[in-house]
Asker: 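There's a structure below that I have some questions on.
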Amino acid sequence: MNTLRISHISEIKTNKEKLWKVISKSGNLNFCHPFCKENTVFKWGNSNSLDRIEYYSGLIYERCFFEWNDKLGYSLIIKKNNLSLAEVKWQIIPSKNDSCELLIQLDIIKNSLLKNYPNFLRWFIIKVIIKPKMKSYLKSVISGVGFYAETGIAVKKNQFGRNMIFS
């Protein structure tokens, strides 16, 4: 499988138990995701979890979880119309008693995402659009999770900046 890996890690000023409570809460994206218009949960709480995220831009994806490790993180597949677009890993990394790090790793399946583009355009699209926008996206999502975990206040639309794909 031809994938493009993009990741971001950032410190969250809360302990791993509280961070796990935030990211494992049913419908959590409604509170901590700055580009999420609606997070609809169909099944939740284990490796068979399934939900849908609708972005402010109108994009809608299903998240199909396949790995669930209590207090450590989870992994999922992003799908649109039964086509797998990416694999995503959320991982909590303990660092100190009162803080930890959150890593989100995104493996984009290039052939699925860019299948309608000629090969000569794929490199340009990846380098100029996908990589910088997805790196910014991951940074904003982790900032939203951190903000919600640290304050208990739900994030607002585009709170950490706009993103041309998801805003």
Asker: Are L85 and I108 packed together at the side-chain level, in the sense that at least one heavy-atom pair is separated by less than 4.5 angstrom?
Answerer: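 SC-SC contact between L85 and I108 ruled out.
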Asker: Can you confirm whether Y148 sits close enough to V22 that some side-chain heavy atom of one is under 4.5 Å from a side-chain heavy atom of the other?
Answerer: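 Yes, side chains in contact.
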Asker: Quick one: CD on E150 to CD1 on I153, what's the gap to the nearest 0.5 Å?
Answerer: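 It comes to 11.0 Å.
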Asker: Where do I53 and H33 land on the side chain to side chain contact (heavy atoms under 4.5 Å, CB included) test, with the steps shown first?
Answerer: CA-CA 10 Å; I53 180 169; H33 196 304; 3.9 Å; yes
Asker: Give, for atom CD of E11 and atom CD1 of I9, the distance between the pair rounded to the nearest 0.5 Å.
Answerer: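 That separation rounds to 10.0 Å.
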Asker: Looking at K135, I want to see if its NZ is surrounded by more than 12 non-hydrogen atoms of other residues, nucleotides or ligands under 6.0 Å.
Answerer: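 Yes - once you tally the heavy atoms of other residues, nucleotides and ligands closer than 6.0 Å, there are more than 12.
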Asker: Are more than 12 heavy atoms, taken from residues, nucleotides or ligands other than D70, located less than 6.0 Å from that residue's CG atom?
Answerer: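 Yes - once you tally the heavy atoms of other residues, nucleotides and ligands closer than 6.0 Å, there are more than 12.
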Asker: Under 30°, 30 to 60°, or over 60°: which ring-plane class applies to W68 and Y74, parallel, tilted or perpendicular?
Answerer: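 Judged by the thresholds at 30° and 60°, the geometry between W68 and Y74 is parallel.
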Asker: For R122, is the CZ atom crowded, meaning more than 12 foreign heavy atoms sit under 6.0 Å from it?
Answerer: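 Atom CZ in R122 is packed in, count exceeds 12.
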Asker: Please give the remaining members of the hydrophobic cluster of I60, linking ILVMFWY side chains under 4.5 Å, ordered by chain and number.
Answerer: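 ILVMFWY cluster around I60 holds nothing else.
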Asker: So which atom in S49 and which in G45 form the shortest heavy-atom distance, rounded to 0.1 Å?
Answerer: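 Residues S49 and G45, closest heavy atoms: OG-N, 2.9 Å.
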Asker: When you measure from the side chain of K157 to the backbone N and O of Y56, does any donor-acceptor pair fall under 3.5 Å?
Answerer: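 No; judged by distance alone, with no hydrogens or angles, the pair does not exist.
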Asker: So, taking the atom named NZ in K133 and the one named CZ in R162, what distance separates them when rounded to the nearest 0.5 Å?
Answerer: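 Atom-to-atom, K133:NZ and R162:CZ are 10.5 Å apart.
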Asker: CG of L72 to CD of Q91: how many Å apart, nearest 0.5 Å?
Answerer: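 Nearest 0.5 Å value for the CG-CD distance: 7.5 Å.
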Asker: Would a single hydrophobic cluster contain both L59 and M134, if residues Ile, Leu, Val, Met, Phe, Trp and Tyr are joined by side-chain heavy-atom contacts under 4.5 Å?
Answerer: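 Shared cluster, yes.
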Asker: Find out whether N116 and L114 are in side-chain contact, i.e. whether some heavy atom of one side chain is under 4.5 Å from a heavy atom of the other.
Answerer: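 Of all side-chain heavy-atom pairs linking L114 with N116, none is under 4.5 Å.
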Asker: Would you call the rings of F160 and F147 parallel, tilted or perpendicular if under 30° counts as parallel and over 60° as perpendicular?
Answerer: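 F160 vs F147 ring planes: perpendicular.
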Asker: Taking atom types as modelled, is there a side-chain donor on N15 or D98 under 3.5 Å from an acceptor on the other?
Answerer: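 D98 and N15 do not have a side-chain donor-acceptor pair below 3.5 Å.
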Asker: Counting C-beta onward and ignoring hydrogens, is there a side-chain heavy-atom pair between L4 and D107 closer than 4.5 Å?
Answerer: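 In short, these two side chains do not touch, never coming nearer than 4.5 Å.
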Asker: Any heavy-atom pair between the side chains of E62 and K80 that's under 4.5 Å?
Answerer: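 Sidechains of E62 and K80: no contact.
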Asker: With rounding to the nearest 0.5 Å, note down the distance linking OH in Y117 to CZ in F124.
Answerer: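 Result: 11.5 Å between the selected atoms.
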Asker: Hey, does the Lys NZ or Arg CZ of K79 hover above the aromatic six-ring of Y61, less than 6.0 Å from the centre and inside 45° of the axis?
Answerer: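 Judged by the rule, K79 and Y61 form no cation-pi pair.
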Asker: Taking atom types as modelled, find out whether S47 and E67 have a side-chain donor-acceptor pair closer than 3.5 angstrom.
Answerer: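 Note: S47 and E67 side chains miss the donor-acceptor criterion.
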Asker: Angle between ring planes, F65 versus W44, binned at 30° and 60°: parallel, tilted or perpendicular?
Answerer: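 F65 and W44: perpendicular rings.
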Asker: Check whether S167 reaches the backbone of M164 with its side chain - one donor and one acceptor, N or O, closer than 3.5 Å.
Answerer: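 Here the side-chain-to-backbone pair does not exist.
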Asker: Which distance, rounded to the nearest 0.5 Å, do you find between the NZ of K131 and the CD1 of I126?
Answerer: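 Between atom NZ of K131 and atom CD1 of I126 there are 8.5 Å.
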Asker: Among I104, L102, L29, which residue meets the side-chain contact (heavy atoms from CB on, under 4.5 Å) test with V141?
Answerer: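 Between V141 and the candidates, side-chain contact (heavy atoms from CB on, under 4.5 Å) is satisfied uniquely by I104.
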Asker: Would you indicate whether the side-chain heavy atoms of N48 and K43 approach each other to under 4.5 Å?
Answerer: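 Touching, per the 4.5 Å side-chain cut-off.
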Asker: Do the side chains of F35 and E54 get nearer than 4.5 Å, heavy atoms only?
Answerer: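 They are not in contact (no side-chain heavy atoms under 4.5 Å apart), so the answer is no.
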Asker: Honestly curious: do Y55 and L106 fall in one hydrophobic cluster under the side-chain, below-4.5 Å linking rule?
Answerer: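 They do share one cluster, since a chain of ILVMFWY contacts under 4.5 Å joins Y55 to L106.
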Asker: Measure from NZ or CZ of K25 to the centre of the six-membered ring of F31 and say whether it is under 6.0 Å with the direction within 45° of the ring axis.
Answerer: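 That pair qualifies as a cation-pi contact.
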Asker: Determine, step by step, whether L103 and S7 satisfy the side chain to side chain contact (heavy atoms under 4.5 Å, CB included) criterion, reporting the C-alpha distance in whole Å, the side-chain angles of both residues, the deciding distance to 0.1 Å, and the verdict.
Answerer: CA-CA 7 Å; L103 166 73; S7 63; 4.0 Å; yes
Asker: Taking the side chain as C-beta and beyond, is there a heavy-atom pair between V88 and S75 under 4.5 Å?
Answerer: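 Not touching, per the 4.5 Å side-chain cut-off.
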